[in-house]
Every structure is written in structure tokens, then in C-alpha cells.
Undergrad: 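Below: one structure in C-alpha cells.
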Amino acid sequence: MAADSSFDIVSKVDRQEADNALNQAAKEISSRYDFKGTDASIEWKGEGIQMRAVAEDRVTAVLDVFQSKLVRRGISLKSLDAGEPYQSGKEYRIDASLKEGIDQENAKKISKIIRDEGPKGVKPQIQGDELRVTSKKRDDLQEVIALLKGKDLDLDLQFTNYR
């Protein structure tokens, strides 16, 4: 009897690419004319990212520059969780973080989609912050991948360990 085929559904961000995007954004912000005199900056604060500038429109422009660098480096904007601009003393700030892992609520939603709309005989299992999908037929697994890529989920999903 042939063994079941499987793959994992994960939501991960390449930390090195995110760091490169942040460094490129910081370099562009320091050299662009429209950011002169605004004390605009972007930097890592622990696991999060903090953007600063003297005006609210300038800090949102910093966020736009960072988002364009993320897209250019192949990181989906679905993995960026940016807050609203807030005032801190004389400057405005935006705190952002990179979302990794699939939380329980989204994992249940994805497995429900697979069970309801996917081919019969496909079994999704929640394993921590990822999902494992198993089936007897590889074609069914590819159908599930196509189904999930067609859905508009608020997560950046990757499909790994295809066996």
C-alpha cells in the first residue's frame, strides 16, 4: 500500500530579507530630498519595527517606502502588521511587526475551507503554528494548494515539505 502524500501550510517571513528591506528603506529615507529636516527614521525595536518623523504625513511616507522595499524583496504585505500613527512628544511614530505562524483561529478557518471545499479524502491537521495536509492522491493536494491560493486570506501562506 502506498504511503500518504502530505505538505505543510506555514506562514513565515525570511528575516534576512526583511532586514535587507529595512536597511534599504533607511538608506533611501536618509538620502531623499523630501525627508530632509524631518528627522525621519526606521529601525528595529526588539522584534518590532519603529518608524519616526516630525509630521504624521512624513511617518506614513516612511511606511510607504518600507512597504515598497518589502514587496521588491518578495515579502507579502499581509505579513506586515502596522499600527496607526501616534504622537510621542514632538514626533509621530508608527509601530509595526512581522506576523509569523498561523494562529489557532486562522488554522481552524483554513482547515474548515479544506474540509468543506477541498476534495474528499484530504485531511488537515493543526500542528502548533502550522497545518499538515495529508491525502492518498498527490493531485488532491495540488487541488488544495490551488484552492487556498484562490482564497483571499489575511495571511501570507507558504506550502512546504511537499512529499
Side-chain angles (χ1 to χ4, degrees), residues 2-29 41-52 59-86 92-163:
D4 285 0
S5 299
S6 69
F7 71 90
D8 294 336
I9 303 172
V10 296
S11 179
K12 291 193 170 32
V13 175
D14 185 350
R15 202 62 183 184
Q16 184 63 49
E17 290 296 330
D19 193 41
N20 289 342
L22 186 127
N23 290 335
Q24 284 180 337
K27 193 173 186 178
E28 182 173 325
I29 289 162
S41 67
I42 181 170
E43 63 187 8
W44 288 105
K45 281 282 187 210
E47 287 295 304
I49 299 159
Q50 189 173 65
M51 293 156 257
R52 300 179 187 170
V59 78
T60 53
V62 170
L63 177 62
D64 289 343
V65 169
F66 182 53
Q67 287 175 334
S68 72
K69 299 300 178 192
L70 284 175
V71 168
R72 191 172 294 152
R73 292 222 156 250
I75 297 174
S76 172
L77 293 182
K78 290 179 181 178
S79 18
L80 179 68
D81 186 20
E84 292 297 314
Y86 65 93
Y92 283 87
R93 295 181 181 177
I94 295 179
D95 292 326
S97 62
L98 296 171
K99 293 189 283 189
E100 286 195 308
I102 302 172
D103 61 346
Q104 285 294 318
E105 182 183 319
N106 283 319
K108 288 177 182 174
K109 188 166 39 168
I110 291 169
S111 63
K112 181 171 172 39
I113 290 171
I114 293 171
R115 281 195 310 276
D116 293 350
E117 301 175 34
K120 298 291 174 223
V122 175
K123 296 183 221 64
Q125 306 177 289
I126 300 172
Q127 297 180 333
D129 62 350
E130 58 184 49
L131 261 84
R132 167 144 306 155
V133 180
T134 56
S135 174
K136 298 254 184 242
K137 298 184 209 155
R138 285 181 168 230
D139 290 350
D140 289 350
L141 293 179
Q142 291 185 337
E143 229 175 282
V144 169
I145 291 174
L147 170 73
L148 291 176
K149 282 184 177 178
K151 291 288 177 190
D152 187 27
L153 300 166
D154 59 343
L155 285 171
D156 178 33
L157 299 178
Q158 293 92 29
F159 305 99
T160 60
N161 277 345
Y162 190 79
R163 300 184 191 145

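We count residues from 1, following the sequence as given.
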Undergrad: In this structure, which one of Gln142, Lys137, Arg138 forms a side-chain contact (heavy atoms from CB on, under 4.5 Å) with Asp140?
TA: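 Of Gln142, Lys137, Arg138, side-chain contact (heavy atoms from CB on, under 4.5 Å) with Asp140 is met by Lys137 alone.
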
Undergrad: Determine whether Ile102 and Ile126 satisfy the following criterion, side chain to side chain contact (heavy atoms under 4.5 Å, CB included), listing intermediate values before the conclusion.
TA: CA-CA 9 Å; Ile102 302 172; Ile126 300 172; over 6 Å; no

Undergrad: Quick one: are Leu147 and Ile113 in side-chain contact, heavy atoms under 4.5 Å?
TA: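 Yes; the side chains approach each other to less than 4.5 Å.
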
Undergrad: For a 4.5 angstrom cut-off between non-hydrogen side-chain atoms, does Val65 reach Ile42?
TA: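 Contact flag for Val65/Ile42 side chains = no.
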
Undergrad: Applying side chain to side chain contact (heavy atoms under 4.5 Å, CB included) to Glu100 and Asp129, what does each step give before you reach the verdict?
TA: CA-CA 9 Å; Glu100 286 195 308; Asp129 62 350; over 6 Å; no

Undergrad: List the atom of Glu28, the atom of Lys69, and the distance in Å for their closest heavy-atom pair.
TA: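 The answer is OE1-NZ, 2.7 Å.
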
Undergrad: Tell me, do Ile110 and Pro124 make a side-chain contact under 4.5 Å, heavy atoms counted?
TA: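 With C-beta onward as the side chain, the pair stays apart.
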
Undergrad: What are the two closest non-hydrogen atoms of Ser5 and Lys136, and how far apart are they?
TA: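 Smallest interatomic distance, heavy atoms only, reads OG-O, 4.5 Å.
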
Undergrad: Do the non-hydrogen side-chain atoms of Lys78 and Lys99 ever get within less than 4.5 Å of each other?
TA: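 No, their side chains stay 4.5 Å or more apart.
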
Undergrad: Given side chains that start at C-beta, do those of Asp154 and Asn106 come closer than 4.5 Å, heavy atoms only?
TA: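 Touching, per the 4.5 Å side-chain cut-off.
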
Undergrad: How about NZ on Lys112, more than 12 heavy atoms from neighbouring residues, nucleotides or ligands closer than 6.0 Å, or not?
TA: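 Count not over threshold, so no.
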
Undergrad: Going from CG on Leu98 to NZ on Lys12, what distance comes out if it is rounded to the nearest 0.5 angstrom?
TA: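 Those atoms lie 14.0 Å apart.
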
Undergrad: Looking at Ser79 and Val13, what are the two nearest heavy atoms and their distance?
TA: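 Closest approach of Ser79 to Val13, heavy atoms only: CB-CG2, 3.6 Å.
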
Undergrad: Nearest 0.5 angstrom please: Ile145 CD1 to Lys149 NZ, how far?
TA: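 Here the interatomic distance stands at 6.5 Å.
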
Undergrad: Looking only at atom types and distance, does a side-chain atom of Ser11 sit under 3.5 Å from a main-chain N or O of Asp156, one as donor and one as acceptor?
TA: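 At least one qualifying donor-acceptor pair exists.
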
Undergrad: Decide yes or no on side chain to side chain contact (heavy atoms under 4.5 Å, CB included) for Phe159 and Asp8, but give the supporting numbers first.
TA: CA-CA 6 Å; Phe159 305 99; Asp8 294 336; over 6 Å; no

Undergrad: Drop me the distance from Arg115's CZ to Ser111's OG, to the nearest 0.5 angstrom.
TA: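 Going from CZ on Arg115 over to OG on Ser111, the span is 4.5 Å.
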
Undergrad: Taking the side chain as every heavy atom from C-beta outward, state whether Ser97 and Glu47 have any atom pair closer than 4.5 Å.
TA: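 No, side chains not in contact.
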
Undergrad: Could you report the tightest heavy-atom contact between Leu131 and Ala107, atom names first, then the distance?
TA: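 Minimum heavy-atom separation between Leu131 and Ala107: CD1-CB, 3.5 Å.
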
Undergrad: Would you check if Lys123 and Asp4 make a side-chain contact, meaning some heavy-atom pair closer than 4.5 Å?
TA: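 Yes, at least one pair of side-chain atoms sits under 4.5 Å.
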
Undergrad: Check Ala18 against Leu70 and note the closest heavy-atom contact, atom names and distance.
TA: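 So the minimum-distance heavy-atom pair works out to CA-CD2, 4.4 Å.
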
Undergrad: Does the pair Leu22 and Ile49 meet the rule for a side chain to side chain contact (heavy atoms under 4.5 Å, CB included), with working shown?
TA: CA-CA 9 Å; Leu22 186 127; Ile49 299 159; 3.6 Å; yes

Undergrad: Can a donor-acceptor pair be found, under 3.5 Å and without considering hydrogens, that links the side chain of Glu130 to the backbone of Val10?
TA: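 Side chain of Glu130 to backbone of Val10, a donor-acceptor pair under 3.5 Å: no, none is there.
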
Undergrad: Between Thr60 and Pro85, which heavy-atom pair has the shortest distance, and what is it?
TA: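 Distance-wise, the nearest heavy atoms are CG2-CG, 3.8 Å.
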
Undergrad: Is there a side-chain contact between Arg132 and Asn161, using heavy atoms and a 4.5 Å cut-off?
TA: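 Result yes, sub-4.5 Å side-chain heavy-atom pair found.
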
Undergrad: Which is it for Gln24 and Asn20 under the side chain to side chain donor-acceptor pair (under 3.5 Å) test, yes or no, and what are the steps along the way?
TA: CA-CA 6 Å; Gln24 284 180 337; Asn20 289 342; over 6 Å; no

Undergrad: Let me know which of Lys45, Met51, Gln50 forms a side-chain contact (heavy atoms from CB on, under 4.5 Å) with Asp95.
TA: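 Of the listed residues Lys45, Met51, Gln50, the side-chain contact (heavy atoms from CB on, under 4.5 Å) partner of Asp95 is Gln50.
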
